[in-house]
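Below: one structure, written as structure tokens.
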Amino acid sequence: MTRSPAPRLRGAPTRQAAQRATPQAAQEASGTGPATGLLARLRDQARARLDPVHWDFFEGGADGERAVAENEAAFRRLALLPRVLRGSGPARTTVDLPGAPDTLPVVVAPTAFHKLAHPAGEAATARAAAAAGAVLTTSMASTTAVGEVAAAARAVRPEAAVWFQLYLQPEPAVTRELVRRAEAAGCTALVVTVDSPVFGRRARDDRNRFHDLPPGYAAENMRDLPGGPPGSTRPIAMSPALSWADLAALRAATRLPVLVKGVLHPEDARIAVAEGVAGVVVSNHGGRQLDAAPAALEALPAVADAVAGRVPVLLDGGVRSGADVVTALALGATAVGVGRPVLWGLAADGERGAARVLAELREQTAHVLTLCGSADCAGVTRDQVVRRGGQAPW
Ligand SMILES: Cc1cc2nc3c(=O)[nH]c(=O)nc-3n(C[C@H](O)[C@H](O)[C@H](O)COP(=O)(O)O)c2cc1C
Ligand SMILES: CC(C)CC(=O)C(=O)O
């Protein structure tokens, strides 16, 4: 059983610590990623506004950040072949997900510490997601407690769906209490992140000595848990000893549907379905865990084949446009997750910025689906995806 020191984030982050002296750091600062239009503008505004240490935490990945780059590059390598004269009309852009009927196929992926992006934090993100008709997956490592996050979403739209992301904790009583809080908050599904037997090595955070939240901020879901002194927060533990048996124990302890997040191997997807999960999220954690992992998009077709329609398959990592959403749908995803773009919007302009990101992705997705001749999210097919300048990859 190991505990990662990183989620506790000890040590004080400072602006000075983020001096960008090395060529690699200069490249990281230049923001050469493929986001375009509104998302790129919000990204640039976010970078200008944020403490560079916090920008690096949001933007960075593990080790050499190859997996981060690959997530976006994989989309750029592919093109969509439109179908014509199908009389399909304007495309419908809602799908059914566990605990979230009739929802946008763009889900807000769980990301930690939204108050580092904007003082309004996760409550602002929740309101933006609810207004967009998108599921919010609220992180266990959020700077606002799950009850408050879900209440903020429902204040905008009473039927808004909020999912709770969970790292199974080595002490079952702690996991059970987190689940109880998510249920009491009205969350409609649990998303168990399974790609983190240990915490990824984040070079930027190490360079910046970013190992602690600033005073006044805490991982609020981790407060007042069994075994700790009243009022205290405990670190999020990650454990390589966890197994499918722990997932089964969780499923037995909750009435909520359970999705697993961070699956890349098709055999793991098959096992997950056999274990009774309600959904599989294909993800390399935004390139923040195993840097040698492939792009999530490249792992998607084999996982979708393994799941064979028995439960929804979601993909996250590198989704930056409606064309990216449609590409993932065509390759077998029911929906996608977006992580960093929502943080860019939040950091740039609070709730309004996050809402603009989701509205833009919704409009682009509808537009691209219609241009591809599809009546809905299920109408685009694998044969419509080709490799740019070469053979179809499948
Ligand atoms: C700043 C940041 C914090 C994250 N925190 C979590 C987390 O607490 N739990 C989790 O399961 N995934 C976490 N992730 C991973 C995201 O859920 C998601 O897999 C990833 O961001 C998708 O890639 P994208 O940022 O390219 O959209 C985090 C990602 C980022 C960028
Ligand atoms: C603080 C971490 C537990 C959040 C996370 O999963 C991440 O930063 O990727």
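One-based numbering, in listed order, for ligands and for the atoms of each.
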message = Could you check whether any side-chain N or O of Thr188 sits under 3.5 Å from a backbone N or O of Ala161, counting only pairs where one atom can act as donor and the other as acceptor?
response = no
Location of contacts on Arg202 toward ligand 2, heavy atoms closer than 4.0 Å = side chain
query = Going by atom types only, do Glu220 and Thr143 share a side-chain donor-acceptor pair under 3.5 Å?
reply = no
inquiry  = I'd like to check which ligand 2 atoms, numbered from 1 as shown, lie under 4.0 Å from a non-hydrogen atom of Tyr167.
reply    = 3 (C), 5 (C), 6 (O)
Between ligand 1 and the protein, tabulate every N or O atom pair separated by less than 3.5 Å, reporting distance only.
| unit_1 | atom_1 | unit_2 | atom_2 | d |
| --- | --- | --- | --- | --- |
| ligand 1 | 5 (N) | Ala112 | N | 3.2 |
| ligand 1 | 8 (O) | Ser139 | OG | 2.7 |
| ligand 1 | 9 (N) | Gln165 | OE1 | 3.2 |
| ligand 1 | 9 (N) | Tyr167 | OH | 3.2 |
| ligand 1 | 11 (O) | Gln165 | NE2 | 3.4 |
| ligand 1 | 11 (O) | Thr193 | OG1 | 2.7 |
| ligand 1 | 11 (O) | Lys261 | NZ | 3.1 |
| ligand 1 | 12 (N) | Pro110 | O | 3.3 |
| ligand 1 | 12 (N) | Lys261 | NZ | 3.0 |
| ligand 1 | 12 (N) | His285 | NE2 | 3.3 |
| ligand 1 | 14 (N) | Pro110 | O | 3.2 |
| ligand 1 | 17 (O) | Pro110 | O | 2.6 |
| ligand 1 | 17 (O) | Lys261 | NZ | 3.0 |
| ligand 1 | 19 (O) | Lys261 | NZ | 3.2 |
| ligand 1 | 19 (O) | Ser283 | OG | 3.3 |
| ligand 1 | 19 (O) | Asp316 | OD1 | 2.9 |
| ligand 1 | 19 (O) | Asp316 | OD2 | 3.1 |
| ligand 1 | 25 (O) | Arg340 | N | 2.9 |
| ligand 1 | 25 (O) | Arg340 | NH1 | 3.0 |
| ligand 1 | 26 (O) | Gly318 | N | 2.9 |
| ligand 1 | 26 (O) | Arg320 | NH1 | 3.3 |
| ligand 1 | 26 (O) | Arg320 | NH2 | 2.7 |
| ligand 1 | 26 (O) | Arg340 | NH1 | 3.4 |
| ligand 1 | 27 (O) | Arg320 | NH1 | 3.4 |
| ligand 1 | 27 (O) | Gly339 | N | 2.8 |

inquiry  = If the cut-off is 4.0 Å to any non-hydrogen atom of Ala112, which atoms of ligand 2 fall inside it?
reply    = 4 (C)
inquiry  = Minimum distance, heavy atoms only, to atom 8 (O) of ligand 2: which one of Arg288, Gln165, His285 is it?
reply    = Arg288
ask   = Is there a donor-acceptor pair closer than 3.5 Å between any side-chain N or O of Asp268 and the backbone N or O of Val263?
value = no
ask   = Is there a donor-acceptor contact under 3.5 Å from the side chain of His285 to the main chain of Gly287?
value = no
query = Which residue, Arg202, Arg204, Arg209, forms the salt bridge (Lys or Arg N to Asp or Glu O under 4.0 Å) with Asp56?
reply = Arg204
ask   = Between Arg127 (side chain) and Ala153 (backbone), is there a donor-acceptor pair under 3.5 Å?
value = no
key: Phe57 neighbourhood, listing ligand 2 atoms whose heavy-atom distance to it stays under 4.0 Å   = 8 (O)
key: Pairwise distance CG(Leu300) to OG1(Thr327) - rounded to 0.5 angstrom   = 10.5 Å
key: Enumerated ligand 2 atoms positioned under 4.0 Å from heavy atoms of Phe113   = 1 (C)
key: Heavy-atom side-chain proximity of Leu369 to Asp376 below 4.5 angstrom   = no
request  = Spell out, as yes or no, whether a donor-acceptor pair under 3.5 Å connects the side chain of Thr175 to the backbone of Gln169.
outcome  = yes
